Amino acid sequence: MTGTLVTARHVLVHQGDGHRMLRDGAVLVRGAHIEWVGPVEDAPAAGQRVELGECLLMPGLIDLEGLADIDHIVLDAWSDGDTDLLWSRDYAQRAVNALCAEDRSRMRLYAVAQLALHGITSFMPISSEVHTAWSETHDDAMDLVAAVQAVGLRGFIGPSYRSAVHVAEPDGSMGMFHDEAAGQRGFSDAVRFLDTVRELGDPLVTGVLAPCRVESVSRELLERTAQVAAERNALVRVHVFQDLFENEVLAASHGTDAMGLLRETGLLNDRLLVAHGVYLDRHPHVIGEDTGQLAELAAAGVSIVHCPVTNARYSFHLHRLGDYLEAGVNMALGSDSFPPDLVRAMDLGTHLAKMQYGSLEAHFLPEYVNAATLGGARALHRDDLGRIAAGASADLAAFALDPVRTGPVEDPLRTLLQSGTGANAVFSMVAGQPVVRDGTLPGVDLEKLRDDGQRIFDRLRASYAERTAGTGRELFPPVFPEASPVGSRADLVDDMHRN
C-alpha cells in the first residue's frame, strides 16, 4: 500500500473543460503525480492520509510575478513624487549593491518562504532592481534556485537584464541613463543561466529569459532574446504596456510603439508573457477603442500576467477583463506586491470588474481562479499544472475555512475571497512532496527569518537616501506625526479635559 491520500471538505477538481467543486473529496498522490480523484467514500487505500477537514483544496496557485525580494511596492505606492525614489543620474554612474551577498541570499529565502506560505506552488520571480548595482546576475539567479530548492517550490527563473534605467535629472524631470555594455553582460549571464539550469537537471527549476521593462532594453538585446528563445524553446517575460509614458520613450528610442517593437524584434509569439498588459488600445487613457491589439496578441498566443493588487496600489487598472477574454487572450495572474497573495489579487480583481461593468454579476470570479491556475499553466506551456486530475502533477494547496474569524462557509471560493487571504494556506504539495504543513514550513526557522527580514528591509529603506537626488522632501513620511514624549497620568487627564 503506497501513496498519499489527501482529503478535504471541498476539492476544486478538473473535469471536462474546467474546474468543478467536489464536496468531501479525496486526491491520491503517488510519486510526483495525481493518480486518482473522487469522493472520500470511494477512495482507494493509501500508505498515508492527510485529512485537511474544513478546507478548500485546490490546484497550487501559479504566480508569474512572484516576489524575490522584501519591499516590492511597500515603500513607493504612497506618494506622487514620481522621481523622488528614482536613482539620480549621478548615482547611476556609480551604483552599488545596497546589500551584502549574505543578506541578498537571506532576502531571497525570505521571499520564497512567503510565496509558499501564501499557497503558491509555481512562480516566476520579480525583484526590485533599485537596490542592485545594475540588474540581476547569473549568480543571483543561482542563489534564488538554492532558495527554491530549500523550500521545495517550482521556479521558472531567469536573471533580469536591461540596457538603461529611469533616472531623476537635476531639474527633477525623468530621463534615461544608458549602459549598453552592462546590458550585454546581463544578457550573456541570462543565456549562461539557461545552460546551467539545463545541466542542473532539477525538474522543479526551469530557465526563462526575463528582459526588464521594454523601454529599458535595446532593440539588439530584444532581438537576441527572441532568437535565443526560439533556439531553446525558452519562455520570455517582459514588462510592457505598463505605463502611459512607455510609447513616448519607445518612439524616441526605437521609432515605434510597444506593439510594433514586439512584432519587429520577433518576440510576438506563444513563448511571450507580457507582465501587466494594461495600456492597450481599448484603455480609455490610450485610444478608448478597439484597433486590433488584443486580437493580435491572442492570435500570436501571447499570455498576459495580470496584477490587480499592483495596479490598484499604483492607481491604474486593466480595462475590462472581459474584453481580453472575449478576444481570446490567455490571462495569468501575478502578485507583484508584498505580500505575495493571489487570493487578495483575485478578490480585488473581482471588485474592479463589478465597478467597471456596473453589475454585481460581472465579478469574473471563475475567470480569476482560472487565471491563477489554468491560465498560468497555459502561459508556462505546462498542461500538467493548474488542475487536480489524474495524471497531473501533484501540486496542491489547501486554505483553511474553519477559523472563527472566517465566519460561515457559503460557497468555499466566495468565502475564501471575502473572508480570507492567502495567509489561510495551511497545506501545500509540489510534485508530490509536502511543502507547507499546518500553516508552517518544516525545517525553516520562521521567527529567525522574520527578524532577518525586518533588519534587511530597514537597510533597504535607508538606502534610498543614498541613491536619490535629495529633493528635500521626506521620502517616507509617517501616516501620523511622531508623538511627543508622554508625561504623567495627571498630564494625560489634563490633556483630555482641555480637548
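Just so it is clear, the structure is predicted and the values come from calculations on it, not from any experiment.
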Residues 267-274, side-chain donor-acceptor partners within the protein, below 3.5 Å, at least two apart:
from, atom 1, to, atom 2, distance (Å)
N269, OD1, R271, N, 2.9
N269, ND2, G266, O, 3.1

Value rounded to 0.5 Å, distance of [atom1] in [X] from [atom2] in [Y]:
X    : Y    : atom1 : atom2 : result
S127 : D140 : OG    : CG    : 8.0 Å
D63  : L153 : CG    : CG    : 10.5 Å
T440 : L446 : OG1   : CG    : 4.5 Å
R237 : C212 : CZ    : SG    : 9.0 Å
I157 : T196 : CD1   : OG1   : 12.0 Å
L342 : D347 : CG    : CG    : 12.5 Å

Is a donor on one side and an acceptor on the other found under 3.5 Å between the side chain of [X] and the backbone of [Y]?
X    : Y    : answer
R455 : D451 : no
N424 : T421 : yes
D395 : V430 : no
S173 : E169 : no
D281 : Q293 : yes
E246 : Q242 : yes
S163 : S218 : yes
R89  : M176 : yes
S428 : V436 : yes
Y91  : V96  : yes

Checklist entry - Is the Lys NZ or Arg CZ of R162 less than 6.0 Å from the centre of W87's six-membered ring, within 45° of the axis? => result yes
Checklist entry - Looking at F457, does the NZ or CZ of R459 lie under 6.0 angstrom from its six-membered ring centre and within 45 degrees of the ring axis? => result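 Cation-pi check for R459 and F457: fails.
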Item to check | Audit row: Q227, E223, side-chain hydrogen bond (donor to acceptor under 3.5 Å, both in side chains) steps and yes/no | outcome: CA-CA 6 Å; Q227 179 182 358; E223 289 172 343; over 6 Å; no
With a 4.0 Å cut-off, would you call [X] and [Y] a salt bridge?
X    : Y    : result
D90  : R467 : no
R192 : D189 : yes
D243 : R213 : yes

Item to check | Whether over 12 other heavy atoms sit under 6.0 Å from D171 CG | outcome: yes
Next on the checklist: Are more than 12 heavy atoms, taken from residues, nucleotides or ligands other than E102, located less than 6.0 Å from that residue's CD atom?
Outcome noted: no
Next on the checklist: I'd like to know whether L115 forms a side-chain contact (heavy atoms from CB on, under 4.5 Å) with L117, so could you lay out the CA-CA distance, the side-chain angles of the two residues, the decisive distance to 0.1 Å, and finally the verdict.
Outcome noted: CA-CA 6 Å; L115 289 161; L117 290 169; over 6 Å; no
Can you find a heavy atom in the side chain of [X] that is under 4.5 Å from one in the side chain of [Y]?
X    : Y    : answer
M107 : D452 : no
H131 : D71  : yes
I120 : P340 : yes
W134 : V165 : yes
T373 : L61  : yes
F399 : L416 : yes
V29  : V27  : yes
L396 : L57  : yes

Which atom pair, heavy atoms only, marks the closest approach of [X] to [Y]?
X    : Y    : answer
F364 : A353 : CD1-CB, 3.7 Å
R154 : A431 : NH2-CB, 3.8 Å
V309 : S335 : CB-O, 4.5 Å
G172 : T83  : O-OG1, 3.1 Å
L374 : R387 : CD2-NH2, 3.6 Å
G432 : P434 : O-CD, 3.8 Å

When you compare the side chains of [X] and [Y], does any donor N or O come within less than 3.5 Å of an acceptor on the partner?
X    : Y    : result
E264 : H254 : no
S160 : E136 : yes
T132 : N97  : no
H33  : D384 : no

Next on the checklist: Pair V369, M58 - check side-chain contact (heavy atoms from CB on, under 4.5 Å), show working.
Outcome noted: CA-CA 10 Å; V369 174; M58 61 188 298; 4.2 Å; yes
Checklist entry - When you look at R382 and S122, which way does the side-chain contact (heavy atoms from CB on, under 4.5 Å) test go after all the steps? => result CA-CA 11 Å; R382 291 290 300 268; S122 293; over 6 Å; no
Next on the checklist: So that I know where these two stand, are H166 and F245 an aromatic pair - ring centroids less than 6.0 Å apart?
Outcome noted: yes
Checklist entry - Ring centroid separation for F476 and Y464, is it under 6.0 angstrom? => result yes
Checklist entry - Should R232 and D195 be marked as a side-chain contact (heavy atoms from CB on, under 4.5 Å) after you check the CA-CA gap, both sets of side-chain angles, and the distance that decides it? => result CA-CA 10 Å; R232 304 183 182 216; D195 295 333; 2.5 Å; yes
Checklist entry - So which pairs with a foot in residues 183-239 pass ring-ring contact (aromatic ring centres under 6.0 Å, His included), sequence neighbours left out? => result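 Residue pairs passing ring-ring contact (aromatic ring centres under 6.0 Å, His included), neighbours aside: Y161-F187, H239-H276.
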Next on the checklist: Taking side-chain hydrogen bond (donor to acceptor under 3.5 Å, both in side chains) as the cut-off, I'd like each qualifying pair that reaches into residues 304-319, sequence neighbours left out, listed once.
Outcome noted: D76-Y314, H306-Y368, T310-D336, T310-S337
Checklist entry - After noting the C-alpha distance and the side-chain angles of D69 and S128, does the key distance pass the side-chain hydrogen bond (donor to acceptor under 3.5 Å, both in side chains) rule? => result CA-CA 7 Å; D69 62 26; S128 173; 4.7 Å; no
